[in-house]
J.: 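Before I ask anything, let me first share the structure, which is written out below as C-alpha cells.
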Amino acid sequence: MELSAHEIEFRRQRLAHLETLKAAGHRPYGRAFARTGPLADVRAGFAEGQAVRIAGRVAAVREMGKSIFAHVQDGTGKFQIYVQKNALGEASFAAFKAVDLGDFIGVEGELFTTRTGEPSVKVQQWELLAKALHPLPEKWHGLQDTEVRYRQRYLDLIANPDVRQVFNIRSRLLSFIRRFLEERGFFEVETPVLQAMAGGAIATPFQTFYNALGQPMYMRIAPELFLKRLLVGGYDKVFELGKNFRNEGLDRSHNPEFTSLEIYEAYGDMGTMMHLVEDLVSAAAQELYGTMRVGKAGQEPIDLTPPWRVVPYHDVVCERAGADWFQRPVAAAREWARAQGLDIPDNLNHAQVTHEVYDKLVEKTLWQPTFVTRLPAELVPLAKRCEDDPALVDVFELVVRGRELAPGYTELNDPLDQRARLAEQAAGDAAKIDEDFLRALEHGMPPAGGMGIGIDRLVMVLTGEESIRDVMLFPQMKNREPKPDEKPPEE
RNA sequence: GGAGGCGUAGCUCAGUUGGAAGAGCAACUGACUCUUAAUCAGUGGGUCGUGGGUUCGAGCCCCUCCGCCUCUACCA
C-alpha cells in the first residue's frame, strides 16, 4: 500500500525514537517481564509504598517538563505511572521521552496516591517491551469507522473498552455452558466439520476438495446427524459446541460461519429440551449479570425468568390472522396476506401462506422469550410427528426479540419415516440422501430430545447488541480488490 | 440480486450556490516536577475511495468500479 507523506513522516519519527531507545540500551522488542500482577489486581491490592512491577501499552502521556504522567493499559484496565527526572536520572528520563503512545513498557517502582487521589506507580526503572510503529486511534471519540473496527479488530479492542466487555461475556458464557451441561451429566464431543455430505439442515454448504482422496468435501451446515449416530452408539447425553458454515448472504443476524450448541438427550423429548434451555439461558443471565432481565439501556429489556410462554403455531397465527384462519379457503388466505402487505405468489398453498404470515407478521412481534410449538411437518424433516396430529411435528422454536434463537425437537427415530421424509426433501436426487445416517438409525436410536442454539444470537440477546458482527471478533468481510497497478508484491 | 445512504489529514468530523481544502485530537519544536481530554506558544501533515465525463474552474454535478452501513430479496 502506498503511504501518504504523513504516514511516511510518522513512521520515520517512530523509527528514530526506536534508534534513540536502542542507543539508550533498550531492546526494541523485549522478553518476558515478571509482573507483580495484572493492573486490576495491583489496583485491588493497593498498599501505599509497596514495590511493584507492572507492564502494559502506553495509552496516554502528559508531559510536564521534568516529570511525566502516563497511563499504561493491559487486558484488565489502566494504571497511572509517574516518571520523575530526579528519580530516574538524566539518561533514563531522556530516553523515556522517546516512548510513544502505543508502545509496550514495563516499569518498576512504588505505589503512591497522587494529590487528586489516583493510585499510581512512582517509576524507579523502566524498560521498553515493544515499539509501536503506527499511531493509536484517537483517544476521545475512539474508533468509529465500522469497517476498520471489524477488519482491524485489535484497534477496536484497544480504543473501545466496551467492545471488550461483549467478548468477555461471550467467553464466560461458553465456559458457563460447559460447566452447566457437564454438571448435568452431558458429555462434550467433537464431530467432523469436513464432511462428504452436508446434512442436518437445509442450507447451501461451502464446497472444497480433498486432494489425497480425490473427492469433493463440504463444510458442515450442522452437526446433528453425527450426534445422532452417537445416540445410536450409546451416548445418552451429548453436546457439541462448534462452528457451522452456510453458504448464504450475510446481514446483521447472519454470518456464514457461526457457532452453535447442539444438545441431545436419550429417553427425553422436546419438553425435556424446553426445560433444559430455559434453565440454561436463565441461569447464564443470572451468572453473568446477576439478573434475568437483560438488554442495553434504552432497549425494552428481555425478561428471561422461567417459565417462558408456550404457544402452538396454530394459536399464534390465529392471534394475528383471525380465529378462523385455518378454515379460510386458500384464495381468501392469500388475499388477506396481500392486504397485510405480503408478497404472495398464486402457487402458494395454505400451509405456505400460513408460514409467510408467521415469518413476516408474527415472529418479529415475539419479543419476550416464547416457545412456538407444533409446527407443520413439512417444515421440519428430522422431528417426530405429534401423536394426536401427524400433520404436525413435536418441536419448538424459541423466539426472542423477534428472532429465532433455538429450535428443539422430539427427534425422529423411526428409520422408515425418516427415509420417506428425507426422500421427499431430496426430491428424487438419491445422492442427497445420507444412507450412512439412515443405516445408523436402522440399528435403533433411542427416543430423544434434541436442540440447537445459536450462540452468536444468544450473546446478542444477553448483551443487547443489534448486529451479529458486534458479537464475533472477526466477522466475515469482503476482500478489497487490489487495483490493477497495485498487485501484491511477489516474495 | 434490488433500493437508499456513506467514503475528506493517522483518528473523530465540518466543508454554504461549482470559485484559494478546514477544526479538534494525534505528531513535531519549545516552556512547565501532582497531571489525568493537562495547559501555553509555534510547525508540519491531503491522490477529498477508484477511474472517466461535464465545466474556464469539481470535495461538491453526471457515469463506472471498489468497500462499508441500512432496508429488501434469496437463504433457515
Side-chain angles (χ1 to χ4, degrees), chain A residues 1-14 16-17 59-71 78-88 93 97-98 100-102 112-120 122 132-152 155-156 158-160 200-205 221-222 244 246-254 256 258 260 341 343 355 358-360 363 375 379-382 397 403-407 452 454 457 466-467 469-470 475-486:
Chain A
M1 215 176 83
E2 261 179 86
L3 297 178
S4 70
H6 179 263
E7 285 172 304
I8 292 167
E9 172 61 14
F10 195 93
R11 197 180 180 81
R12 193 194 61 72
Q13 286 164 0
R14 292 241 166 178
H17 282 166
V61 176
R62 294 174 294 280
E63 249 185 86
M64 301 192 42
K66 297 184 178 63
S67 72
I68 300 170
F69 284 94
H71 273 101
K78 293 182 180 180
F79 209 90
Q80 182 168 267
I81 63 173
Y82 184 43
V83 183
Q84 286 172 295
K85 189 171 187 175
N86 60 8
L88 284 186
F93 185 78
K97 292 194 170 184
D100 295 307
L101 283 187
F112 76 109
T113 308
T114 63
R115 234 171 252 169
T116 51
E118 177 157 352
S120 306
K122 195 170 290 181
L133 300 179
H134 292 280
L136 287 178
E138 198 238 20
K139 62 184 171 189
W140 189 240
H141 298 91
L143 182 63
Q144 299 297 325
D145 187 315
T146 49
E147 188 173 352
V148 178
R149 288 186 47 222
Y150 298 147
R151 287 187 194 275
Q152 294 178 269
L155 293 180
D156 191 27
I158 294 166
N160 301 323
I202 304 167
T204 309
I221 55 176
N244 295 324
R246 298 188 182 176
N247 206 337
E248 294 162 1
L250 62 168
D251 59 38
R252 56 188 212 150
S253 60
H254 294 82
F258 62 97
S260 75
D343 183 22
H355 199 60
Y358 172 76
D359 226 24
K360 301 282 156 51
E363 196 175 70
L375 269 65
L379 295 176
V380 191
L382 294 164
E397 274 192 1
R403 213 175 274 136
E404 185 190 330
L405 182 63
R457 290 184 183 181
E466 308 272 4
S467 171
R469 296 175 200 114
D470 290 320
Q476 185 62 46
M477 299 295 271
K478 198 165 177 176
N479 272 343
R480 276 184 176 280
E481 218 173 40
K483 283 182 283 183
D485 59 338
E486 196 186 73

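All chains are named by letter (A, B, ...) in the order of the sequence lines, taking the proteins before the strands, and each is independently numbered beginning at 1.
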J.: Using the ring-ring contact (aromatic ring centres under 6.0 Å, His included) criterion, which residues pair with A:F10? Sequence neighbours excluded.
T.: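 By the ring-ring contact (aromatic ring centres under 6.0 Å, His included) rule, A:F10 matches no residue at all.
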
J.: Not counting sequence neighbours, which residues clear side chain to side chain donor-acceptor pair (under 3.5 Å) with A:K122? List them please.
T.: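 Once residues adjacent in sequence are excluded, A:K122 has no partner under the side chain to side chain donor-acceptor pair (under 3.5 Å) criterion.
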
J.: Applying side chain to side chain donor-acceptor pair (under 3.5 Å), can you list everything that pairs with A:Q80, at least two apart in sequence or on another chain?
T.: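 For A:Q80, the residues satisfying side chain to side chain donor-acceptor pair (under 3.5 Å) (neighbours in sequence not counted) are A:R62, A:S120.
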
J.: Under the side chain to side chain donor-acceptor pair (under 3.5 Å) rule, collect the residues that match up with A:T204, sequence neighbours excluded.
T.: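 A:T204 satisfies side chain to side chain donor-acceptor pair (under 3.5 Å) with no residue once adjacent residues are dropped.
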
J.: Taking salt bridge (Lys or Arg N to Asp or Glu O under 4.0 Å) as the test, write out the residues that go with A:E63, two or more places apart.
T.: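 Salt bridge (Lys or Arg N to Asp or Glu O under 4.0 Å) check on A:E63 returns A:K97.
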
J.: Suppose we screen for salt bridge (Lys or Arg N to Asp or Glu O under 4.0 Å). Which residues come up paired with A:K78, at least two apart in sequence or across chains?
T.: none

J.: By salt bridge (Lys or Arg N to Asp or Glu O under 4.0 Å), which residues pair with A:D156, not counting sequence neighbours?
T.: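 A:D156: salt bridge (Lys or Arg N to Asp or Glu O under 4.0 Å) contacts with A:R149, A:R153.
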
J.: With sequence neighbours excluded, tell me which residues meet side chain to side chain donor-acceptor pair (under 3.5 Å) with A:Q144.
T.: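 Here no residue qualifies.
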
J.: Suppose we screen for salt bridge (Lys or Arg N to Asp or Glu O under 4.0 Å). Which residues come up paired with A:E118, at least two apart in sequence or across chains?
T.: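 Scan of A:E118 (salt bridge (Lys or Arg N to Asp or Glu O under 4.0 Å), adjacent residues dropped) gives none.
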
J.: Where are the stems of RNA chain B, defined as at least 3 consecutive Watson-Crick or wobble G-U pairs with both distances under 3.5 Å?
T.: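 Result, WC/G-U stems under 3.5 Å: B:1-7 with B:66-72, B:10-13 with B:22-25, B:27-31 with B:39-43, B:51-53 with B:61-63.
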
J.: Using the C1' atom as the point on both nucleotides, what is the distance between B:rU17 and B:rC13, in whole Å?
T.: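 23 Å, rounded to whole Å.
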
J.: Between protein and nucleic acid, restricted to nucleotides 72-75 of chain B and to nitrogen or oxygen atoms under 3.5 Å apart, what atom pairs and distances do you find?
T.:
{"from": "B:rC75", "atom 1": "O2'", "to": "A:E248", "atom 2": "OE2", "distance (Å)": "2.5"}

J.: Could you run down the sub-3.5 Å N/O contacts of the protein with nucleotides 4-9 of chain B?
T.:
none

J.: I want to confirm an ordering. Mapping A:A70 and A:Q144 to their closest nucleotides on RNA chain B, which one lands closer to the 5' end?
T.: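 So the residue in question is A:Q144.
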
